[in-house]
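Have a look at the structure below before the remarks.
To find a chain, count down the sequence lines: A is the first, B the second, and so on, and within it residues start at 1.
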Number of protein chains: 2
Amino acid sequence: MATLKYSRQRESIREFVMNSREHPTADTVYAGIKAEFPNISLGTVYRNLSLLVDLGEIAKITTGDGPDRFDCNTKPHSHFICTQCHNITDIEASEFDCMKEKVAEGFDGKITGHMTTFYGICKECLEAKKIKKTS
Amino acid sequence: MATLKYSRQRESIREFVMNSREHPTADTVYAGIKAEFPNISLGTVYRNLSLLVDLGEIAKITTGDGPDRFDCNTKPHSHFICTQCHNITDIEASEFDCMKEKVAEGFDGKITGHMTTFYGICKECLEAKKIKKTS
DNA sequence: GTCAATGCAAACCATTTGCACTGGG
DNA sequence: CCCAGTGCAAATGGTTTGCATTGAC
């Protein structure tokens, strides 16, 4: 495989995701580093994001609605996705039990990824709704 | 909201998914009922599948790689997706604990969906690989 | 007769890819 | 120099949508 070469763009993309608490989309990353690299292209952002995912430095979150999001937290954990505002909240992983069972069955030797996603309406959106109703 | 009207196409689509053990894609459903409805269009299949999902009669599985899959099992449960052969295996849901915690925090009153997905290599693919290596 | 559902094609949108050019080693 | 990385634009692929027509009620 090709030897990895340094690239200022990739560093900036990594930095951006690492300092993000918001699980940014490729587009958000793109917009976020546009100031530093006015000519950067979306293609480059996508290429580097998936490279960083392959390197295990960041994680990709498939949401099921809207674009993929990226996460600086690569430790196995779960997500709560608000179906209204699309915010993603981390949830500590605490349940590998059923997976372990499968492994015990000889199902898998190499778990390449793990994701648990809960969909619902977040506290903030619930409150916002209530306020609207009452007024 | 519009009153629901009977449609032979929709019945056929529901039947197909209900009798599927394979978590079919929209395209698989399309191909599967093409014999019965030679002129059916993919658009109709997509429209009815998402209608059935909204009615809660079937469930949509977002895989993160490749097209969405549909599931006749609407009870909360988890999936194991093989990254090689793309087969999906059901896993009994056994961990609502962290979700319940969130609810207790006042996070959510209406859980609109739940999905846990494990990615890995299934037993069959692992064995196939071993055989190849040895020969 | 009315309005939901269909078939078809075009549109959409996130993501990927081909290619000529730039830049790190 | 060489080959990885970039920018750009075009292509891809799953899914959605607009519209005229058909069919359920």
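- Regarding B/L42, its CG atom lies at a distance of 18 Å from the P atom of C/dA11, rounded to whole Å.
- If you take OH of A/Y6 and P of D/dT6, they are 11 Å apart, rounded to a whole angstrom.
- Between A/N73 and A/D90, the closest side-chain pair of non-hydrogen atoms falls below 4.5 Å.
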How far apart are the C-alpha atoms of A/T44 and A/Q9, what are their side-chain angles, what is the distance that settles it, and do they pass the side chain to side chain donor-acceptor pair (under 3.5 Å) test?
-> CA-CA 8 Å; A/T44 297; A/Q9 287 90 332; over 6 Å; no
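- The A/S41 side chain lies nearest to D/dG7 when the options are C/dG7, C/dT15, D/dG7.
- Contacts of B/Y46 with the nucleic acid, taken as non-hydrogen atoms under 4.0 Å apart, include base atoms.
- Side chains of A/D71 and A/H79: a donor on one and an acceptor on the other come within 3.5 Å.
- When rounded to the nearest whole Å, the span between NZ of A/K34 and P of D/dT6 equals 16 Å.
- For B/Q9, no side-chain nitrogen or oxygen approaches OP1 or OP2 of D/dG23 to under 4.0 Å.
- Neither OP1 nor OP2 of D/dG5 sits under 4.0 Å from any side-chain N or O of A/T44.
- At a cut-off of 3.5 angstrom, the base of C/dG23 holds no donor-acceptor pair with the side chain of A/R8.
- Nucleic acid contact for B/R47: base, since at least one base atom lies under 4.0 Å from a heavy atom of the residue.
- Rounded to a whole Å, the CG atom of A/L4 is 16 Å from the C1' atom of D/dC2.
- In the set C/dG7, D/dT6, D/dG7, the nucleotide with an atom closest to the side chain of A/S7 is D/dT6.
- Counting heavy atoms from C-beta outward, B/L51 and B/L4 have side chains that approach closer than 4.5 Å.
- Picking from C/dG7, D/dT6, C/dA14 the nucleotide with the shortest atom distance to the side chain of B/I40 gives C/dG7.
- One atom, CG of A/D65, and another, C1' of D/dT15, lie 14 Å apart when rounded to the nearest Å.
- Nucleotides of DNA chain D nearest to A/N39 and B/F70 differ in position, and the one nearer the 5' end is that of A/N39.
- The side-chain heavy atoms of A/T63 and A/H86, taken from C-beta on, include no pair separated by under 4.5 Å.
- For the pair B/K5 NZ and D/dC25 C1', the computed distance is 6 Å after rounding to whole Å.
- Residue contacts for A/D68: at a heavy-atom cut-off of 4.0 Å it reaches the sugar-phosphate backbone alone, with no base atom in range.
- Among the atoms of the strands shown, none is found under 4.0 Å from any heavy atom of B/D27.
- The interatomic distance linking A/L55 (CG) with D/dA4 (P) rounds to 15 Å, in whole Å.
- When the P atom of D/dG5 is taken as reference, atom CD1 of A/I33 falls 15 Å away, rounded to whole Å.
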